[in-house]
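Beneath this line is the structure, given in structure tokens, with notes to follow.
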Amino acid sequence: MLSGMALCRTRNCRFMMGEDGRRMRKCVLLLYQPCHLSTNSKPKSMLSLIASKAKYANEKYEHFLERKFPNFYLLYSTFMKGFRMLMTEAKEVGRIKQRMNHQGIPFHQLPYREMEKLRQFRRDIIKAAPVVIISIPPFANYLVFVLMYFFPRQLLIRHFWTPKQREEFLDIYHRMRVEAYPEILDGLLNAVPKLSERNLRNQMFQLCTQVQHGTHPQVENLHAVCTAFSGPPLGMKRLDVQQMKALSRVMFLTPHLPAFLLQHRLGSHICEIQNLDCALLKLGVNELSEEELKRSPRHRCCCIVWSYYLPTTSSP
């Protein structure tokens, strides 16, 4: 009786009409009721509150750094933006890889932007790997921070460069490439007399003379001499070590490797550039953004000039 009254007061009892018209009371005992003191009642609101507090504290900290330590704030903001960009790019690369595995799409059939993203991300990971390995021992990360501060171009990937550093480093890379051009041109001139066809020798000599006088050769003229690079002495398998080292410096590959590794890396690198060039032709240059246009001339220049070091069947 007492328990029925208690259940009725707690609104766990309901009044119903029986078959004979009498009023009956039906009590239901709930074995579980949610506790209002539990943290599971509104977990989303609690997490959003914590996230908003953390965001507010982070904004206050950034304003403090910007006001008191502007130089350090520039490095801090560049690092945070670069880290977010790197994580976003890693997710995009993962989605591209997953689609390639599920649909069986080879690398050379990817669209231009996806192909370039995979290629550049792989180069960034290879560049960052030594820094990560060095920072593994205890307290070694402080040494890494010092090295990254004094040698950002050699140790940091492009995500962690400031806008000023990006422009400065691109100029440095351009000068490094220009410094290797005379050696490559001298190698071509020394190899011209060894060509068997007289007409081919004359065309090669004219092209080299034009480049020496600052005239850019036409693509048609390059196509006319492509057979000179399909065999000795200018074929990829016939180049000497100095010529391969000069070509490696132009393409920003390590020249301090044995001859067979230099040859292999040059061949694979040129094939990648050819695939990028074909994908770019399918996309259309008009579809590129301003940032993409700044990068694409470097790839097309390398492809037009150095693809002739591959056999004629693989040239564009």
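When hydrophobic clusters are built by joining Ile, Leu, Val, Met, Phe, Trp and Tyr residues whose side-chain heavy atoms come closer than 4.5 Å, directly or via intermediates, Ile126 is not grouped with Leu261. In this structure, Phe260 is a member of the same hydrophobic cluster as Met251, with clusters built from ILVMFWY side-chain heavy atoms closer than 4.5 Å. Tracing side-chain contacts under 4.5 Å through hydrophobic residues (I, L, V, M, F, W, Y), one reaches Phe160 starting from Phe151; they form part of the same cluster. Hydrophobic clustering, with ILVMFWY side chains joined whenever heavy atoms are under 4.5 angstrom apart, groups Val178 together with Ile184.
Between Tyr173 and Trp161, the angle of the ring planes lies from 30° to 60°, which puts this pair in the tilted group.
Going from atom CG of Leu239 over to atom CG of Leu247 covers 6.5 Å, rounded to the nearest 0.5 Å. Rounding to the nearest 0.5 Å places CG of Leu234 at 12.5 Å from SG of Cys226. The line from CD of Gln203 to CZ of Arg198 is 13.0 Å long, rounded to the nearest 0.5 Å. Phe83 contributes atom CZ, which lies 11.5 Å from atom NE2 of His159 (distance to the nearest 0.5 angstrom). Here the CD1 atom belonging to Ile96 is positioned 4.5 Å from the CG atom belonging to Leu118, to the nearest 0.5 angstrom. Atom CD of residue Glu116 and atom CZ of residue Phe121 lie 13.5 Å apart, to the nearest 0.5 angstrom.
When each of Ile273, Asn275, Asp124 is tested with Arg119 by the rule side chain to side chain contact (heavy atoms under 4.5 Å, CB included), just one qualifies, namely Ile273. Just one of Asp171, Leu170, Ile172 meets the side chain to side chain contact (heavy atoms under 4.5 Å, CB included) condition when paired with Glu168; it is Ile172.
Inter-residue side-chain proximity for Leu86 and Ile157 is flagged as met; some heavy-atom pair is nearer than 4.5 Å. Proximity of Gln212 to Leu189: side-chain heavy atoms (C-beta onward) are separated by under 4.5 Å at one or more points. In this structure the side chain of Cys278 never reaches within 4.5 angstrom of the side chain of Tyr112, judged on heavy atoms. Side-chain contact between Val250 and Met176 is absent, with no heavy atoms from C-beta onward closer than 4.5 Å. Taking the side chain as every heavy atom from C-beta outward, Leu283 and Pro111 never approach each other to under 4.5 Å. Side-chain contact between Asp240 and Gln243: present, with at least one pair of heavy atoms (C-beta onward) separated by less than 4.5 Å. Looking at Lys117 and Val93, their side chains come closer than 4.5 Å, going by heavy atoms from C-beta outward. With a 4.5 Å cut-off on side-chain heavy atoms, Lys194 and Arg201 do not count as touching.
A side-chain donor-acceptor contact under 3.5 Å links Gln165 to the backbone of Thr162. Here the side chain of Ser268 pairs a donor or acceptor atom with the backbone of His264 at under 3.5 angstrom. Under the 3.5 Å distance criterion, the side-chain polar atoms of Lys127 are left unmatched by any main-chain donor or acceptor of Leu155. Checking side-chain atoms of Asn221 against main-chain N and O of Pro217 turns up no donor-acceptor pair under 3.5 Å.
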Evaluation steps, salt bridge (charged side-chain N to carboxylate O under 4.0 Å, His left out), between Glu114 and Arg99 = CA-CA 11 Å; Glu114 294 183 359; Arg99 187 168 66 87; 2.3 Å; yes

Could you walk me through whether His108 and Gln274 pass side chain to side chain donor-acceptor pair (under 3.5 Å), step by step?
-> CA-CA 9 Å; His108 66 274; Gln274 283 183 311; over 6 Å; no

Begin from the C-alpha positions of Leu288 and Leu280 and carry the test side chain to side chain contact (heavy atoms under 4.5 Å, CB included) through to its verdict.
-> CA-CA 9 Å; Leu288 297 180; Leu280 180 57; 3.4 Å; yes

Show your working on side chain to side chain contact (heavy atoms under 4.5 Å, CB included) between Phe229 and Met204 and close with a plain yes or no.
-> CA-CA 11 Å; Phe229 298 92; Met204 284 291 299; 4.0 Å; yes

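The nearest pair of heavy atoms linking Leu262 to Thr254 is CD2-O, 3.5 Å. When all heavy atoms of Leu110 and Ala279 are compared, the pair lying nearest together is O-CB, 4.1 Å. Considering every non-hydrogen atom in both Phe252 and Arg123, the closest pair reads O-NH2, 3.9 Å. Of all heavy-atom pairs between Met244 and Ala259, the closest is CE-O, 3.8 Å. Closest approach of Arg158 to Arg166, counting heavy atoms only: O-NH2, 3.4 Å. Taking both residues in full, the closest heavy atoms of Gln263 and Met236 are given as NE2-O, 3.5 Å, listed atom of the first, atom of the second, then distance.
A salt bridge between Arg84 and Glu89 is absent, with no side-chain N of the basic residue lying under 4.0 Å from a carboxylate O of the acidic one. A salt bridge does not link Lys245 with Glu183: every distance from a Lys NZ or Arg NE/NH1/NH2 to an Asp or Glu carboxylate oxygen is 4.0 Å or more.
No more than 12 heavy-atom neighbours from other residues, nucleotides or ligands sit within 6.0 angstrom of CZ on Arg238. Heavy-atom contacts from other residues, nucleotides or ligands closer than 6.0 Å to CZ of Phe205 number 12 or fewer. More than 12 heavy atoms of other residues, nucleotides or ligands sit less than 6.0 Å from atom CZ of Arg67. Within a 6.0 Å radius of OH in Tyr149, other residues, nucleotides and ligands contribute 12 heavy atoms or fewer.
Neither side chain, Gln210 nor His216, offers a donor N or O lying under 3.5 Å from an acceptor on the other.
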